[in-house]
Amino acid sequence: MPPKSPTLTTYVDKARGVWYVNVYWSADKANGRPATRKRISLGIPTNGDPSEALQFFRESVLPVLNDECDAVAAASVKKPPGRKQGPLLRDLAMWYLDTHLPYIGSAKKTTERYTSSLWDFIGFCSTRHVSRAGQLSTRIVEEWQMHQCTVKGRSGPSRDEVLHVRRWLSVCQDHGEMEELPNIKWTIPRKKKGVKNKAHERDVIDPWLQGLCAWRPLVGLVARWVDATGWRIGDTLDLRIGEIDLLRNIIDRMQIKTSSQLPYPVTPALHALIQEALARHTDPKPADHLFLNHNRHPWTYPQIYRVLQNYHNPKQHWAGPVVTFRDLRKSFGTHLAMEGCPPNVLKELMGHSDITMTLTYYVEVDLGRMAEWSVRHTSPGTHEKK
């Protein structure tokens, strides 16, 4: 701001025959403000004494001029464009872990993995004096990945860690918890081919489903849906009544994991399952979940996971091979592929954005299936048209 005590100089304007006062505010180089000068008449003739008029000017007029000069000088200074700092990363992580993940029914292990990934990333950002969302940039993410290489002695953060952080920031922006997501270039490692999940034959799946439906019909209903559609269990439990259009026989679903909208056809078997699930609703609304538990509340994954754990206890219920929901999804993709389903159609049914994901990780190939198709090619008569 300009100094409050400007320099005053009185002089006689002979052309007009009156006393004038010259008010000068020096320049403020630190704030980039130029010098300011004002020339004001005191109204005293040249043969009069300007001392009283000058005293009145100092006491009454000069304070008003100082305020006007301050306002004009402040308006003339261009403030450097600043980026919004945004909320604290710590607060965003607490909201995501304590509110969002439990709401969508994430498993306890999933929450623990997200917790480890997010706090590792936030801890690294704090060492770079980055604590708010608006301070994130591609450089910070690249340094985080290089830090993982040098400290943990590996090629970088795992695929899950990168996806956890990226998913966290995307959800915070979609839900309005973050005003603006910076343009971050993510480098996602390739997915390793999983060996835990297995594609089962129908002679294993059918008895497992029958026993589960007889023991817990509501859990069996969910398992039958996953077996018939190959959906992820999270998408199945989050299916809403309003997403089902029985007039057009289409389910317009929003995938939780990828946040993409994909239609799915309603077959007669799915129509029967939908009607069975709707029978438990007393007053169905579009926003209600389709599948409800015994308390008529939406299912969560931890609840169903505990039910399956009890069901797979050989001393009490099921003594056969253990089947999981991911096994049902992998069996769905494998069986359709072996029956000759076109890969692009199978990709859409599985809800994948890349056909490589479908064929690499959800279509199981073993020596028996290789021999089966090799026999079809080499046996005589297999190429004859019917």
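- Looking at heavy atoms from C-beta onward, L270 lies in side-chain contact with L273 at the 4.5 angstrom threshold.
- Here the closest heavy-atom approach between residue R128 and residue I140 is recorded as CB-CD1, 4.2 Å.
- Atom-to-atom distance recorded for T138:OG1 and E143:CD is 11.5 Å, nearest 0.5 angstrom.
- Contact annotation: the side chain of T324 never approaches that of L328 to less than 4.5 Å [non-hydrogen atoms, C-beta and beyond].
- Under a 3.5 Å cut-off, the side chain of T127 and the backbone N or O of F124 do form a donor-acceptor pair.
- Rounding to the nearest 0.5 Å gives a distance of 11.5 Å between CG of L308 and CZ of R306.
- With a 4.5 Å cut-off on side-chain heavy atoms, F291 and P298 do not count as touching.
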Audit row: H297, H289, side-chain contact (heavy atoms from CB on, under 4.5 Å) steps and yes/no: CA-CA 8 Å; H297 294 159; H289 293 78; over 6 Å; no
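- Here R166 does not pair with E161 in a salt bridge; the nearest charged N to carboxylate O distance is not below 4.0 Å.
- Under the 4.5 Å side-chain heavy-atom criterion for Ile, Leu, Val, Met, Phe, Trp and Tyr, W119 and V171 are members of the same hydrophobic cluster.
- Side-chain contact between R240 and D288 is absent, with no heavy-atom pair separated by less than 4.5 Å.
- Under the 6.0 Å cut-off for aromatic ring centres, F332 and W231 do not qualify, their centroids lying 6.0 Å or more apart.
- Using a 3.5 Å distance cut-off with no hydrogens or angles, the side chains of H312 and W318 do not pair a donor with an acceptor.
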Verdict with supporting geometry, L97 and Y114, side-chain contact (heavy atoms from CB on, under 4.5 Å): CA-CA 8 Å; L97 298 172; Y114 269 95; 3.9 Å; yes
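- Distance alone, capped at 3.5 Å, places no donor-acceptor pair between the S116 side chain and the R113 backbone.
- Between H294 and L218, the closest heavy-atom pair is N-CD1, 3.5 Å.
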Derivation and outcome, side-chain contact (heavy atoms from CB on, under 4.5 Å), residues L239 and W225: CA-CA 11 Å; L239 180 61; W225 181 275; 3.7 Å; yes
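- Contact check for Q173 versus W168: no side-chain heavy atoms found under the 4.5 Å cut-off.
- The number of heavy-atom neighbours closer than 6.0 Å to CD of E52, taken from other residues, nucleotides and ligands shown, is 12 or below.
- R167 contributes atom CZ, which lies 12.5 Å from atom CG of L118 (distance to the nearest 0.5 angstrom).
- Side-chain contact check for T358 and H352: at least one donor-acceptor pair (N or O, by modelled atom type) lies under 3.5 Å.
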From CA spacing to verdict: side-chain contact (heavy atoms from CB on, under 4.5 Å), R216, Y311: CA-CA 9 Å; R216 290 288 189 270; Y311 178 64; over 6 Å; no
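- Cluster membership check: M338 shares its hydrophobic cluster with I355, using side-chain heavy-atom separations under 4.5 Å among Ile, Leu, Val, Met, Phe, Trp and Tyr.
- F121 and W144 have their aromatic ring centers within a separation under 6.0 angstrom.
- Remark: the backbone N or O of T267 is not paired with any side-chain donor or acceptor of H271 at under 3.5 angstrom.
- Side-chain contact annotation: D120 with S117, donor-acceptor N/O pair under 3.5 Å absent.
- Contact annotation: the side chain of V141 never approaches that of V165 to less than 4.5 Å [non-hydrogen atoms, C-beta and beyond].
- Taking the six-membered ring for Trp and thresholds of 30 and 60 degrees, H317 and W215 have ring planes inclined between 30 and 60 degrees apart.
- R326 places no side-chain N or O within donor-acceptor distance of the main-chain N or O of I233, the cut-off being under 3.5 Å.
- Under the side-chain contact (heavy atoms from CB on, under 4.5 Å) rule, V204 has a single partner from V323, D327, L209, which is V323.
- Contact check for Q303 versus T300: side-chain heavy atoms found under the 4.5 Å cut-off.
- V322 and I205 fall into different hydrophobic clusters, defined by Ile, Leu, Val, Met, Phe, Trp and Tyr side-chain heavy atoms under 4.5 Å apart, directly or through other members.
- Looking at every heavy atom in both residues, G333 comes nearest to L346 through O-CD2, 3.7 Å.
- In this structure, CG in L221 is found 10.0 Å from CG in L292, a value given to the nearest 0.5 Å.
- Using a 4.5 Å heavy-atom threshold, the side chains of T110 and Y301 count as separate.
- Residues G220 and C213 come closest through the heavy atom pair CA-SG, 3.7 Å.
- Counting heavy atoms of neighbouring residues, nucleotides and ligands inside a 6.0 Å radius, atom CZ of R58 does not exceed 12 of them.
- Residue L290 comes nearest to I241 through the heavy atom pair CA-CG1, 4.3 Å, listed as atom of the first residue, atom of the second, then distance.
- The main-chain N or O of S131 is found under 3.5 Å from a side-chain atom of Q135 such that the two form a donor-acceptor pair.
- With rounding to the nearest 0.5 angstrom, the SG atom of C172 is 10.5 Å from the CG atom of D91.
- A salt bridge links D245 to R248: at least one charged side-chain nitrogen sits closer than 4.0 Å to a carboxylate oxygen.
- Note that OG of S331 and CD of E201 are 8.0 Å apart. Values are rounded to the nearest 0.5 Å.
- By the 4.0 Å N-to-carboxylate-O rule, D235 lies close enough to R232 to be salt-bridged with it.
- No continuous path of hydrophobic side-chain contacts links L88 to L169 [ILVMFWY only; heavy atoms under 4.5 Å].
- The minimum heavy-atom distance between V266 and I250, with the atom names listed, is CG2-N, 3.7 Å.
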